[in-house]
Amino acid sequence: MSRQAPSSAQKNDKKAHPPPYPQKGPKPFNAEDYAKPPHLTKEEVLEVKQAFDIFDNDGSGSIDPQELREAFEASGIKTYHNKFIYQVLGELDTDNSGGIDFEEFLHLATAKVSDKDSREQIQKVFNLYDWNKEGRITWDELKRVAQDLGEEMTDEEIQHMFKKADLDDDGFVTFDDFYNLMTQKEYGKQ
């Protein structure tokens with residue numbers, strides 16, 4: 001049997017029918033998948049998606065470490081250490097995918113803050129400052145963070161800020177010190 005080339009009608013016929021297998025690639029974005037009226041409308045989801053797309057430079061559907069660094073730098077925050085970027089990413093990347101996807105970004109952008117959530121969020125911020133993971137912030141760590149954030153502060157200014165935060169005057173800023181300072185609560189009362 002000789003094999004004949006398909007006619008132009010047969011070629012056109014093949015193009016008219018979709019392939020029998022599912023197409024691969026990203027699923028088209030649908031704001032209704034994320035809307036939760038009355039708390040989050042489709043329009044609000046679309047606004048958050050526009051903000052997300054600004055950070056997701058390559059359109060991959062995830063904000064990767066380099067895009068996160070660029071976002072900080074565009075905001076005027078200098079990031080000299082990769083450790084800082086990966087600490088921030090670790091706090092936000094709840095599925096450990098290596099990037100911040102839209103769902104994680106949406107959660108961050110729309111989180112309601114209760115006292116419990118507030119304490120947990122403040123703990124996450126405290127952990128970013130506590131480079132040595134000792135449960136307390138030293139003067140050197142505070143200075144390093146100020147530098148990483150691009151703050152041009154003198155040692156005296158950093159010392160003043162440190163003394164203001166060290167509410168029990170033990171030479172360290174503990175989580176309780178930090179929490180009370182951030183929430184303007186009296187020391188020792190939660």
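- Closest approach of S62 to G99, counting heavy atoms only: OG-CA, 3.3 Å.
- With hydrogens and angles ignored, the 3.5 Å screen pairs a side-chain donor or acceptor of E44 with a backbone N or O of T41.
- Counting non-hydrogen atoms of other residues, nucleotides and ligands closer than 6.0 Å to CD of E103 gives a total of 12 or fewer.
- The aromatic rings of F52 and F102 sit perpendicular to each other, their planes meeting at more than 60°, with 30° as the lower class boundary.
- The nearest pair of heavy atoms linking G98 to P65 is O-CD, 3.6 Å.
- Linking ILVMFWY residues whenever their side-chain heavy atoms come closer than 4.5 Å, directly or via other members, places F105 and Y86 in the same cluster.
- Screening residues 53-64 for salt bridge (charged side-chain N to carboxylate O under 4.0 Å, His left out), with sequence neighbours left out, gives K49-D53.
- Residue N57 forms a side chain to side chain donor-acceptor pair (under 3.5 Å) with just one option from Q66, E67, E70, and that option is E70.
- Residues that satisfy the side chain to side chain contact (heavy atoms under 4.5 Å, CB included) test with D95, not counting sequence neighbours, are D93, S97, D101, E104.
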Problem set entry | Working for side-chain contact (heavy atoms from CB on, under 4.5 Å), residues F84 and R69 | CA-CA 9 Å; F84 177 74; R69 175 185 299 283; over 6 Å; no
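- The nearest pair of heavy atoms linking V173 to D166 is CG2-N, 4.0 Å.
- Residues F172 and F162 place their aromatic rings such that the two centres sit no closer than 6.0 Å.
- The shortest side-chain heavy-atom distance between F175 and R119 falls under the 4.5 Å cut-off.
- Of all heavy-atom pairs between D170 and T174, the closest is OD2-CG2, 4.0 Å.
- Residue pairs meeting the salt bridge (charged side-chain N to carboxylate O under 4.0 Å, His left out) criterion with at least one partner in residues 124-134, sequence neighbours excluded, are E134-R136.
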**Asked** Would W139 and D155 count as a side-chain contact (heavy atoms from CB on, under 4.5 Å) if you check the C-alpha gap in whole Å, the side-chain angles of each, and the deciding distance to 0.1 Å?
**Response** CA-CA 10 Å; W139 186 87; D155 285 354; 3.8 Å; yes
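- Listed here is the closest heavy atom pair of F55 and I63: CB-CD1, 3.5 Å.
- For K83, the NZ atom sits in a packed shell: over 12 heavy atoms of surrounding residues, nucleotides or ligands are nearer than 6.0 Å.
- Inspection of the N127 and Q123 side chains reveals an N or O donor paired with an N or O acceptor under 3.5 Å.
- Under the 4.5 Å side-chain contact rule for hydrophobic residues, L108 and F29 share a cluster.
- Rounding to the nearest 0.5 Å places CG of L68 at 5.0 Å from CD1 of I100.
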